[in-house]
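Computed from a predicted structure; not experimentally measured.
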Amino acid sequence: MSYDGFGEYMAIKLDKQQKQHAEYLQSGGSLNQGTQKSRVLDGVTMWFDGLLGHGEGDSLLDMKRLCVEHGGVVIDMLTLNVTHIIATHLTDRKIELWKNRRIVDPAWIHESLKAGRLLPWQRYGLIQKSRASLFVPVLAQRASTSGTVSSASSAPRQNETNVDTGAAALDRIEQEAAQFKQSVLQSGKPHSPSKGRTSRSMEATRYGAPKLQDPNQPNRESSDFAMKNSATSAGFLTKYYESSRLSKISNWKSDLRDFVVQLQSESPKPAATKPGSLKTIMHIDMDCFFASVAIRERPELKNKPVVVCHSRGTGAEFNEAGPQDGSSNTNMSTSEIASCNYIARRHGVKNGMFLGKAQQLVSQYYQQQQQLANSEGRKVDEECHPTVSCVPYDFEKYDQVSKALYKILYEMGDALMVVSCDEAYIDVSSKVLERGVGQELILAEKIREDVFLATGCTASVGIGENMVIARVATKKAKPNGAFMISGDQVEQEFSSLSVGDLPGVGYVLKAQMDDLGIRTCKDLSLLSAAKCKEKFGDAVGLKLYQFCRGIDNRPLENKSRQTVGAEVNWGVRFQTTEEAQTFIRELSAEVCTRLDKSGVQGKHITLKLKKKLYDGEPHKFLGCGPCTDMSKSKSVEMPIANVAQMAKEALALFRDLNVAAPDVRGVGIHVSKLVNKGAASKGQTMLRFTSSDTKPASFGSVRDEEEDKSKSKSMSNLADETDFPVAKKPRVSAPSADTLFPASQIDWSILEHLPPDIQAEILALRNPSQPEPLAEKALDKVNEPEQHPRNIPNLKHELEPLNLIGRTTFSEVSALLKDWVASTHSPQLQDALQLREFLKALTLNWEGELCLNVIRQLGRAVDGSRWKRDEKEGWMKVVSVLKEDIGTYFEVTYGSRPKM
DNA sequence: ATCCTCCCCTAC
DNA sequence: TAAGGTAGGGGAGGAT
Ligand SMILES: Nc1ccn([C@H]2C[C@H](O)[C@@H](COP(=O)(O)OP(=O)(O)OP(=O)(O)O)O2)c(=O)n1
Ligand SMILES: [Mg+2]
Ligand SMILES: [Mg+2]
C-alpha cells in the first residue's frame, strides 16, 4: 500500500500495525482461521464493546472474524493500541471513560467492507463529542505579540492569524465536553441506547453537551425565566429575528445578491477581458466587521479587547482567582461573540466563542502578564487589559457600512461576487490593464482608503489570479492590510499554508486530513487526484486537489436563490404538541412572508427538526444542545400559495416525523422548487438565473443553467419570462398515511373582500344549487345520515370533515370508488356529479393535491377493473371530464390549472 | 445513469 | 441569563 509520496508516515504507521497484528497472532487468536479477503481494515485495531450484539455470541464472533479477514486487528483488551472501539450504545460511564477515543458503530465496518475501502469513521461515531477531543489542535496561547498593523506591502510578514479555522467551535466543544464530564459524575443517569434508524445519523449535532448540573437547581427542565423567553412566549419570533445576528447576516447576503443581480441586469457591464485571459481577482473583507463598527462609535475602546455580543458581560468576575480550566464555572456567559477586535484575538478570543470563555482567556492572560511583569520588576504593559469590553449589536450601522462597501466595490470591479455583508470578490482585470501590471497593490490601497473614508472602518484586500488565491492572500493581509500572491509565488505561499485555511475546509475535513497526517497544503498536494477523490469524495476531492495548488476555475457569479426558509434552534421548549403546532404555524407564516418578499412560491416543502439526545438543559442558555437532525419533505403539484396551506403541509410533516413535542429543540421550514409568482399559472419553473462573467457580454447576462446542458441561449434580462422548455412532471408523493379530509376552512372574511361576481362563484361552488338527491343507491351499501352541512356556510369553523357520502379518509374514498367502478360499466351522471362536488370542495379548501389523488385513484380503479377496453370508455370519459371541470376550481383557488 | 430524499458540511 | 440562521454543495443509498 503506497500513499503517493508521504511514504514515510505511512510506513511507520504500517509497521506499528503489523507488529500489533503479529502480537495478536502470537497471542493465539483463534479468529484468524479464515483466509485473507481484503486489506480494507489495514491499520485498524478494534475492540468490541461487550454489550455489542446483546449476547448473540455467534454473530459477534462472526463479526470479529470478518474484521480479521479484511486486514483488521481485533484484540480483547481495551489497550492503548486500540484505534477504534466498536459499540452500538453507550452508558454515561463509558462516554466519560472513553471520551478521548473513537467510538464507532459496527455499521462503519459493514459499510467500509461494502465500499471496499475504509470510510471516514467520523460519520459513524456514536457521539460527536468523542471525536471532538481527538483532534485537539494546538490551542496554545499565542505568546506572539506581533500586533503590528501592516501597510500595503507584498513583502512577507509575520502571519498574524495563524489560527485554525473553526477553532472557536472546537474550544466550545472542548469546554462543553468538560462540563459534560461533570454532569455525568453528578447525575449518573445512564443514556438510553441509541436505536435510531440506521439511515439516520446517531451522532449529536455540533452543539456541545448538557449543562453542568447545579445541585440547587436541577436542570431537568427549564427555569421560569427560560420558559418566559422560550419559543412559546408571545412575540418570540419577531424578537428573535430582530436579535439574531446569524439570521441578519444571512438575509443581508441574500439581499445583496438579489441587488447585485438586479443591478447587473439593468446595466450590464461589458465583458472586460477576453475569456481565458489571465485575471486579477481581489477579495475584500472588513476587519473584525461588527467590532470595527463598535469601536468606530467608541474610540476610547480602540486599544482594549472588545467583543460584540448580546450579553453585557456583567455576570461573572474574572479578576479573582477561580477555576480557570474552563471546566467548572457554571456562571460563565454563553452569549456568543459575533466579532472581536484583534487585540482580543491576541488573547485567544475568537468569533463565535462564548463570552464566558473569552472573559476567562483575557483574565488569564492578564494574570500571566502580571506575574511575568512582577518577576521582572516592572508594570504590566498598558495595552494589556484585565477585562473584555462588551458592546451590543448595532445592526442598522452594519447595514449602512455594508452598503457603502458594496457601492465602492461594485463601481471598481468588472464583476462582483457577493460573499457576505462584509466581504466580496471583484474582478479588477481591466483596471489593472488600465493602470499597468504591477499596480495591483496601489489599487488595493485605493480601495482600502475609499472604504475607510466612506465607513470609518478598515478592510483588508487579497489579490490573486483566482478566487482561492485571493482568499488566501486576504488571510495573510489581515488586519488592515493588502497582500498579493502572484502566479509565481503561489507554490511558496501555499506550501506551508494550513489546510484549514483553504476555503471549504472546516472542522470535519480538517480532522480527516489530520488523521491522514495532512496538515499543510504541501502535505495535501502529495495526494494524487484519484487518492483525493477516494478519500474525500469525487467533488470535494477534486476541489481540494486543485485548491491546495492554488488552482481555481470558478467564475465570479451570483446565483439566484433556489430555496427560502426559516429556522429556529434556540429557545425551543415545548411542553405540549399544541405548543409545537402553534409554533410551526407561526414559522409557516414567517416563511410565507419571505416567499412573498422574494415574489416566489414553492412546490417543495421540508420540515427540519432537532430532537434532543439527552434530558436536561444544555450548556448554552436556551440552546438546542446535542440533537439528532431529522427532516422530511414533500413535493406538491401546485405552488403553495398561502399560510394555511403552508401550515397544513408543515404540520403533516411534523406528524410524520413523530417526535414528541418536549423532545423538539429546533424547527425549520424550507421551501424549494420555486416558481416566480406571476408566472405560476404557466407552471414556469424558476430559471437558475446566474449573473456571471464567464461569457462574452456576460456581466449582467443571465444564464439558464438547465438549458446550458443542451444548448446555450442567453437572455437579455431577468424580466424576460421565457417558458421553461421541458415541463417535467414532478414526482409527487401519494398520501403517505391515511389522509383525513379536513373540515372546510374557507376563509370567509377574505371572501367579503373579493369582487361580488367571484364571491358568487365561490359560494355557488360551496353550495351547489342543484338539488341533492344523489346516488346513495348506486354507490353505497350503508345508509349514513347526511353529515355535510348544506346550508349557507357558518362564519365559524365547520367541524365536519369533508366527505364523499360519509367517507372521510382517502382510503375509504378509494374503496368507494373501486366499488363504484366495479358495480357498473356505465357510470351514472348523478354519481359523477356528486363526486365532482366533493372534488370541488376539496379544491376550494386548498386540498388540490388530495383532489388530484382522488382522480388518479379513480383512474387506477378503472384501469384495474374487470371491464374490457371498450367497456371502460364511459369511465374514462368521466375521468377526463372531472379533470377538465376540476381545473376551473383550481383556477379559483390557486389561480391556475393543475398540470396532469 | 439519473433522480429523489435525507442527511452532513461549510461559510459568514 | 439570550436571541446556535441560512443557503448551497455534495454524498449515500434507494427508486426508477
Ligand atoms: N461566528 C461568526 C462569524 C461572523 N459573524 C459576523 C460578525 C463578523 O464581524 C461578520 C464578518 O465575519 P468575518 O468572518 O469576516 O469576521 P470579522 O470581520 O469579524 O473578522 P475578520 O477580520 O477575520 O474578517 O460576520 C458572526 O456573527 N458569527
Ligand atoms: Mg471580516
Ligand atoms: Mg467576512
request  = Let me know the distance between CH2 of A:W570 and C1' of C:dT6, rounded to the nearest Å.
outcome  = 18 Å
task = Could you tell me whether the phosphate oxygens of C:dT6, OP1 or OP2, come under 4.0 Å of any side-chain nitrogen or oxygen in A:R594?
result = yes
query = Does C:dA3 have OP1 or OP2 sitting under 4.0 Å from an N or O in the side chain of A:S335?
reply = yes
message = Applying a 4.0 Å non-hydrogen cut-off, can you work out what A:T334 is touching in the nucleic acid: base, sugar-phosphate, or nothing?
response = sugar-phosphate
note = A:H283 atom NE2 is separated from B:dA11 atom P, nearest whole Å, by 12 Å
inquiry  = Tell me whether A:S631 contacts the main-chain N or O of A:K608 through its side chain, where contact means a donor paired with an acceptor under 3.5 Å.
reply    = no
key: Given C:dG9, C:dG5, C:dG4, the nucleotide with the shortest approach to the side chain of A:K620   = C:dG4
note = A:F236 meets the ring-ring contact (aromatic ring centres under 6.0 Å, His included) criterion, sequence neighbours left out, with A:Y240
ask   = Within the structure shown, what part of the strands sits under 4.0 Å from A:G623 by heavy-atom distance: base, sugar-phosphate, or nothing?
value = base
remark   = Between CZ of A:F536 and C1' of C:dG9 the distance, given in whole Å, is 17 Å
request  = Apply salt bridge (charged side-chain N to carboxylate O under 4.0 Å, His left out) to A:D285 and list each qualifying residue two or more places apart in sequence or on a separate chain.
outcome  = A:K478
Phosphate-side-chain proximity, A:S633 and B:dC4, N/O vs OP1/OP2 below 4.0 Å = no
request  = Round to the nearest Å and state the distance from A:H670 atom NE2 to B:dC7 atom P.
outcome  = 13 Å
task = Could you check whether A:S250 gets within reach of a base, just the sugar-phosphate, or nothing at all, counting any heavy atom under 4.0 Å?
result = base
message = Output the rounded distance in Å from CG (A:D656) to P (B:dC6).
response = 10 Å
ask   = Quick one: do A:E637 and A:K603 make a salt bridge, cutoff under 4.0 Å?
value = no
query = With sugar-phosphate meaning primed atoms plus P, OP1 and OP2, does A:S420 contact a base, only sugar-phosphate, or nothing at under 4.0 Å between heavy atoms?
reply = sugar-phosphate
key: A:S333 side-chain N/O to C:dA2 phosphate OP1/OP2 under 4.0 Å   = yes
task = Indicate whether OP1 or OP2 belonging to B:dC12 is found under 4.0 Å from a side-chain N or O atom of A:N351.
result = no
inquiry  = Tell me the interatomic distance from A:L653, atom CG, to B:dC7, atom C1', rounded to whole angstroms.
reply    = 15 Å
task = Would you tell me if any nitrogen or oxygen in the side chain of A:K608 comes within less than 4.0 Å of OP1 or OP2 on B:dC7?
result = no
key: Short side-chain N/O contact to C:dG4 OP1/OP2 from A:Y241, under 4.0 Å   = no
Interatomic distance where CZ belongs to A:R471 and P belongs to B:dA11 [whole Å] = 9 Å
Under-4.0 Å side-chain N/O to phosphate OP1/OP2 contact, A:T563 with C:dG8 = yes
key: Audit row: A:H619, A:F354, ring-ring contact (aromatic ring centres under 6.0 Å, His included) steps and yes/no   = CA-CA 11 Å; A:H619 175 218; A:F354 288 162; 5.6 Å; yes
task = Return the value, rounded to whole Å, for the distance between atom CZ of A:R245 and atom P of C:dT6.
result = 13 Å
